[in-house]
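Values reported hereafter were calculated over all heavy atoms of this structure, with side chains retained and with hydrogens, waters and symmetry mates removed. In what follows, residues are counted from 1 in the order of the sequence shown. The structure displayed is predicted, hence computed values, not measured ones.
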Amino acid sequence: MSTQGKGALAEEALSEEAVESYLRAHPDFFERHLSLLEVLRLPHPSGAAVSLIERQMAVMRDKNRALERKLMDLVHTARENERLSQRMHQLALGVMEAESLDAVLAITQEQLRNEFRADVVVVRLCGDPAQGMHFMAEDDPAMQSLSHLFEHRRPVCGRLSDTQLQALFSAEDAPGVASAVAVPLLDGTQPLGFVALGSQEASRFHPGMGTLFLGYLGEIISHAIGGRLGQA
């Protein structure tokens, strides 16, 4: 063995001896550093049998790891909610400052596409189709396929039927939408229409995702559109 290797072993041995000496001189060390017991491995002289203390410490370590993972998940969720709140705030400011219905629709589509990672964003309004491409008659079969959203007053997420996709998205975009969100727009109890977000990723929008912020989104856009429909 080389002189360098012997020196490393000697250093390691001296280090362990130093630790042992310190612990002997300070027998209350672990009382002041209880957290170290969660990561230390202390074999029991009973041989292959596992002592109760060892088992309790193993269980404690597993619980702590689970709690750490849960805490990290909560932190991630909190950060994502903060980002969503900022996006909603920016959208609200944008539609409040819009001078016309067309401006509201343009701001809504641009911000949702950029900030909510949607490949396609559309707004469909109840009204005479002669008013513009965003309007659909309430008795249109395509619009009727989504009428239940007005009754439940809640967004729907995930895979939509072909009829619903055709109602919300253009003939060019609908085939490429693998998952979507449809948010009902209402002025009180009066249906105004829908805002829809579509993604080419099947997992982007799914039934298990939270809809709290989507509900806020619907309220913001509903207020902005409701006050400007008469100007269209």
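- With sequence neighbours excluded, the residues forming a ring-ring contact (aromatic ring centres under 6.0 Å, His included) with Phe194 are Phe150, listed by chain and number.
- Counting heavy atoms from C-beta on, the side chains of Leu160 and Val177 never come closer than 4.5 Å.
- Closest of all the heavy-atom pairs between Phe205 and Gly198 is CE1-C, 4.1 Å.
- Counting heavy atoms of neighbouring residues, nucleotides and ligands inside a 6.0 Å radius, atom CZ of Arg87 exceeds 12 of them.
- A distance of 8.0 Å separates CD in Gln90 from CD in Gln86, rounded to the nearest 0.5 Å.
- Using the six-membered ring where Trp is involved, Tyr216 and Phe213 have ring planes that are perpendicular, over 60° apart on the 30 and 60° scheme.
- Going from atom CD of Glu20 over to atom CD of Glu17 covers 7.5 Å, rounded to the nearest 0.5 Å.
- Minimum interatomic distance between Val120 and Val122 (heavy atoms only, all atoms of both residues): CG1-CG1, 4.1 Å.
- A donor-acceptor pair is defined here as one N or O able to donate and one able to accept, closer than 3.5 Å; no such pair exists between the side chain of Ser179 and the backbone of His206.
- At distances below 3.5 Å, not a single donor-acceptor pair connects side-chain atoms of Arg124 with backbone N or O atoms of Val195.
- Criterion: ILVMFWY side-chain heavy atoms under 4.5 Å apart, direct or through other members. Under it, Val19 and Phe29 are part of a common hydrophobic cluster.
- Taking a 6.0 Å sphere around CZ of Arg154, one finds it holds 12 or fewer heavy atoms contributed by other residues, nucleotides or ligands.
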Which pairs would a plain distance check flag for residues 102-109, meaning a side-chain donor or acceptor within less than 3.5 Å of a matching protein atom at least two apart in sequence or in another chain?
{"unit_1": "Thr108", "atom_1": "OG1", "unit_2": "Val104", "atom_2": "O", "d": "2.8"}
{"unit_1": "Gln109", "atom_1": "NE2", "unit_2": "Val121", "atom_2": "O", "d": "3.0"}

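- Each of Glu201, Arg113, Gln200 was scored for a side-chain contact (heavy atoms from CB on, under 4.5 Å) with Asp119, with one residue passing: Gln200.
- In plain terms, the two heavy atoms of Leu185 and Gly218 that are nearest each other are CD2-O, 3.7 Å.
- Atoms CZ and CG, on Arg69 and Asn64 in that order, are 10.5 Å from each other to the nearest 0.5 Å.
- For Leu186 against Arg153, the heavy-atom pair with the smallest separation is CD2-NH1, 3.7 Å.
- One finds the OG atom of Ser222 at 8.5 Å from the CG atom of Leu217 (value rounded to the nearest 0.5 Å).
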Requested in this report: List the steps, then state whether side chain to side chain contact (heavy atoms under 4.5 Å, CB included) holds for Val95 with Ile221.
Outcome: CA-CA 8 Å; Val95 296; Ile221 299 175; 5.5 Å; no
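- Annotation: the span from Leu165 atom CG to Arg159 atom CZ amounts to 7.5 Å, rounded to 0.5 Å.
- Taking each heavy atom of Cys126 and Pro191 in turn, the nearest pair found is SG-O, 4.1 Å.
- Salt bridge annotation for Asp62-Arg65: present, with a cationic side-chain nitrogen under 4.0 angstrom from a carboxylate oxygen.
- Within the 3.5 Å criterion, the main-chain N or O of Gly226 finds no donor-acceptor partner in the side chain of Asp187.
- Here the closest non-hydrogen pair linking Pro155 and Val183 is CB-CG2, 4.1 Å.
- The 12-atom threshold is exceeded at CZ of Arg32, counting heavy atoms of other residues, nucleotides or ligands nearer than 6.0 Å.
- Between Ile225 atom CD1 and Leu125 atom CG the span is 5.0 Å, to the nearest 0.5 Å.
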